[in-house]
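What follows is a set of notes on a single structure, which appears directly below.
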Amino acid sequence: MEFAELIKTPRADNVVLHRPFYLAVEGTLCLTGHHLIFSSRRQDNAEELWLLHSNIDSIDKRFVGSLGTIVIKCKDLRIIQLDIPGMEECLNIASSIEALSTLDSVTLMYPFFYRPMFEIVEDGWRSFLPDQEFELLGSMTDEWRLSCINKEFSVCPSYPPVVIVPKSIDDEALRKVAMFRHGSRFPVLSYYHKKNGMVMMRSSQPLTGTNGRRCKEDEKLINATLRPGKRGYIIDTRSLNVAQQARAKGGGFEQEAHYPQWRRIHKCIERFNILQESLIKLVEACNDQSHNMDRWLSKLEASNWLTHIKEILTAACLAAQCIDREGASVLVHGTEGTDSTLQVTSLAQIILDPRCRTIRGFESLVVREWLQAGHPFQQRCAQSAYSNSKQKWEAPVFLLFLDCVWQILRQFPCSFEFNEQFLIMLFEHAYASQFGTFLGNNENERSKLKLPQKTMSLWSWVNRSEELSKFQNPLFEANSLVIWPSVAPQSLQLWEGVFLRWNRPSKFLDEAHEEMINIIRYNKELQAKVNALRRQLAEMETDDRMQENP
Amino acid sequence: VENVRLLDRLSSRKAALGTLYLTATHVIFVENVSETRKETWVLHSQISSIEKQATTASGCPLLIRCKNFQVIQLVIPQERDCHDVYISLIRLTRPVKYEELYCFSFNPKLNKEEREQGWKLVDLNEEYNRMGIPNNYWQISDVNRDYGVCDSYPTEVYVPKSATAHIIVGSSKFRSRRRFPALSYYCKGNNAAICRSSQPLSGFSARCLEDEQMLQAIRKANPGSDFIYVVDTRPKLNAMANRAAGKGYENEDNYSNIKFQFIGIENIHVMRNSLQKMLEVCELKSPSMSDFLWGLENSGWLKHIKAIMDAGIFIAKAVAEEGVSVLVHCSDGWDRTAQVCSVASLLLDPYYRTMKGFMVLIEKDWVSFGHKFNHRYGNLDGDPKEISPVIDQFIECVWQLMEQFPCAFEFNERFLIHIQHHVYSCQFGNFLCNSQKERRELKIQERTYSLWSHLWKNRADYLNPLYRSDHSQTQGTLRPQMAPCNFLYKFWSGMYNRFEKGLQPRQSVTDYLMAVKEETQQLEEELEVLGERLANLQKLELNDNKVKSKQQDRSKQLGLSTSNNSLANTPQEYSSDLKSFPSRSPSQGDEEDSALILTQDNLKSSDPDLSANSDQESGVEDLSCRSPSGGGCLPSEDSGKDSDEAVFLAV
């Protein structure tokens, strides 16, 4: 298919762009296969706006006489308005945008066409390989092994080719366990807590069904992670009620009788359309222009967004506490083990492991616990808060995770190497990007699409020093401790950087951030000067002494 | 009383055993744990209510609520002891005479001269001079010198030059409690002014020629404008109801060239109930997000804060952008009027956003104009219906502005919190009584100390590291977002939950940056010393006298570039040298698992009477599955408790 077929009017002049907090600008609008480009004609202050079609969530058009107006709502929650003279032009442009922003085929997406304008220092596709992770693990313990059982994605389509499992469990047993778990997602290692050797594993629900099926190998596998005489915790991210209902559909949960060494704890993290509706309501509340304070608070409350944040963070804290404080191993799962499970395991690692609070470590965490672990990004992030379609697999699961990270960052502003902008950048790229990193739903699909060969990795771009400097937290001081966030309602806040980003003036906050950077930069400069002077003095003094005592 | 247990509100398992002492001024709880002997001090004047609850098997619980939002739960083993404590506290927390208050016994070991100096720190005449007054339009009037016209006004009042004593007295007779229009703020740049008064006694049709002349005089004092705004800060309904009692509001027809405007801020009773409701939400044991947000909305607190802000913004806009003078009043003109005038002044004039300027502002708009501190904050036992968090709301408005303009204020959140504390503490004489007249009669300045000099002495603790006097945000009028941005107003947990340290961010950006700045200053000093030493050494090396002096100058300037070169060669040493500087890491909590809580430590050093109350998170031994925080920072974990334990039982 040629994009040109979809673009009936590639260019319109005298278009007026409206954005909140900016004066309206007149300019020219161009449509290309992947971008909507607006450039102002003002000589003194030429301005360009590039918008990926894949970033467009919904589009409305209306007419007053022959003047058409298109309102574009983006997945990054921005809303812009374009006034286009000429009814035909406007209709053409609107229909082109609609078609181009809803392309079916992944291979038509921009990452397959994007050619980087920067030098690639490090190929991001090779930055975080499972072998490296395992090497690190091997330096701490020899109780685990790398299994290639899923090499051809034959055992579990949503797992990566290699996974880490207990050494004492052979691949034959793993195959049996896979049959007993939803989507074949058998328990694998998620995190090893160096301090006390406790581990966190993740899986999907066991297929116990109504008649209480059991699987000896499954029991053996998870028991293999326990120290003699120790008990472990199974954190089921669903409420007991939901877990019981799952039995009717062949799913279920670990029966006490068959897993006597495990205590099961149920949490209730919501899924799918409940989360999607929550996001839609929240964004609606944030865009509400009414003058009424009560309405704002009740809409914020009714969206339940912060309730979800609280639930997820609480479950993650619980998992972290079991590991660090109780000295127990933990298995986390929900139903499929691709959503709430990953929220819990990844957040628990941020709490426990200082490495995950560095830029590199956090990237590695996203790769391990989200991309390789088979979170279906393409399905979940297909639409954002302005979509009208009611597809049941869209859900802001990853955004909720990022929001939770932001909440912890806010409570420990000096313990993270990255800043809020880093999290916002990840949010944007998960929904629309020139990079291939978040395409596909799992490693299997990514390898079929040959993404590493045909597209550029987000990490190749981010991990260059020019970009990194934008994402560094000036306040960072390495903190090797476990950080326990508060999950009380008073401690959780709306993530303004994402949800109010386009409807509040940010000038003063940006200035404050800049001032902060200046203070720290000046301090570092002085330190450098003082150190150099000291050294120079020391040298001169020794010279003197040598001259005095020849 | 021995063997008393102090309960932790957040986790029921954590309770400290200790001894309770009652002194003439404080309630003191000392923990039995020998190595720490942690002490909790509470001033009697801070106690707002004491509640004796039903005796249980473990003893008799006593709940103490404080005006600075601390809640203390004690369990006393013997019913009789508990009753005695209860009775004593009831008496001790309800003094009937000013002389019983703490400030008359508080002695910070300053001599007489220092004390007098302290009271001179804030001088209102100096402040009006700073505004450019007296000038051609405004003058000081001695009409109230013996409080003869208005006993709740100061002796020195600034009025338009054309307002004669006759007009002032005449106008005062037409105003509630004789609070005639007087100057609060004058804008040198465009002659626009903010004046304040109480409501006119207009009833349904009454007029007063002198009052009309008074408003005319205010208009004439601003030659650039042909009208003034009269802002009634009450809801219209309330103002109309007042007409039946012979009070009310200005009739535009009777006054030449006024524009009349209602801005609905609710009265003290609504505000008292609103705070009460919000505090109930804060006190919930483990609220869900919905409980909290619903309760916050239901309390209406943020709505009221926004109403005050909107009024202040309206006035600041009129003065700064339209160049129009404004007369502000409510009913008596000492609550809402004080709030609104001070918010507007703060927006208009960067001086009030400095530490000293903020003290002046409170002294001007609150203390001197007769805000009834004693009644509103219940310093002496009185009518509970008079109590209302009026200045608390103003302080919160300032905080909300600080959140929106992080570089605009010289002071930080801690400064606001400490002022709020001392409005209630009665430790200093500034906020005693209901008017300047009463304070003079009591000879407050001779018998007590001033809070301002105390805060000024510790000003290093109250600095906002992001403030720079030459920063663009610091200059000129602040223009906050108006109406639709409701989301800009946030719950202030740093104030209302400030004794629950677990709920606060665990690392303070402010304190971190202050430490960095302090270190920077040390570095600057060291740089200078090193530079001199270097110069001296070089002097010795070069025997030529003429070269010497030149070299000294040059080395000071060029020291930087040479050092940078050497640095580039040895980056490793740079980091090892770092260790020789005072450690300022926010995260080296060592034994403690949660990172060090900087705020607490600094609080402790800065103001002992506050920090004594601060409940430090010490233990991490609480291994219960329910509070992974150990330190109690996960109070809401309790919500999951029942269901999870049920599961455990099933196992």
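Letters A, B, ... are given to chains in the order of the sequence lines, protein chains preceding strands, and every chain is numbered from 1.
- With rounding to the nearest 0.5 angstrom, the CD atom of B:Gln404 is 13.5 Å from the NZ atom of A:Lys507.
- Each of B:Gly300, B:Ser290, B:Ser493 has some count of heavy-atom pairs under 4.5 Å with chain A, and the biggest count is that of B:Ser290.
- Here the OG1-CD distance, from B:Thr520 to A:Glu525, works out to 10.5 Å after rounding to the nearest 0.5 Å.
- Using a distance-only test at 3.5 Å, with no hydrogens or angles considered, no donor-acceptor pair links the side chain of B:Glu519 to the main chain of A:Asn523.
- From A:His308, atom NE2 reaches atom CE of B:Met289 across 12.0 Å, with rounding to the nearest 0.5 Å.
- Under a 3.5 Å cut-off, the side chain of A:Ser491 and the backbone N or O of B:Leu503 do form a donor-acceptor pair.
- Within the model, atoms CG of A:Leu533 and CG of B:Leu523 stand 11.5 Å from one another, a figure rounded to the nearest 0.5 Å.
- Shown here are the salt bridge (Lys or Arg N to Asp or Glu O under 4.0 Å) partners of A:Arg357, two or more places apart in sequence or in another chain: there are none.
- Distance alone, capped at 3.5 Å, is enough to place a donor-acceptor pair between the B:Gln507 side chain and the A:Cys414 backbone.
- No other option in B:Lys517, B:His471, B:Gln521 has as many heavy-atom pairs under 4.5 Å with chain A as B:His471.
- Among all heavy-atom pairs drawn from A:Gln490 and B:Phe491, the shortest one is CG-CE2, 3.6 Å.
- Contact annotation: the side chain of B:Leu534 approaches that of A:Gln536 to within less than 4.5 Å [non-hydrogen atoms, C-beta and beyond].
- With sequence neighbours excluded, the residues satisfying salt bridge (Lys or Arg N to Asp or Glu O under 4.0 Å) with B:Arg468 are A:Glu515, B:Asp470.
- Heavy atoms closer than 4.5 Å to chain B are found nowhere in A:Cys268, neither backbone nor side chain.
- With rounding to the nearest 0.5 angstrom, the CZ atom of B:Arg506 is 12.5 Å from the CD1 atom of A:Ile408.
- Judged by distance alone, with hydrogens and angles left aside, the side-chain atoms of A:Glu301 form no donor-acceptor pair with the main-chain N or O of B:Trp294 at under 3.5 Å.
- A distance of 9.0 Å separates CD in B:Glu524 from NZ in A:Lys529, rounded to the nearest 0.5 Å.
- By number of non-hydrogen pairs under 4.5 angstrom with chain B, the leading residue of A:Leu492, A:Asn518, A:Ile519 is A:Ile519.
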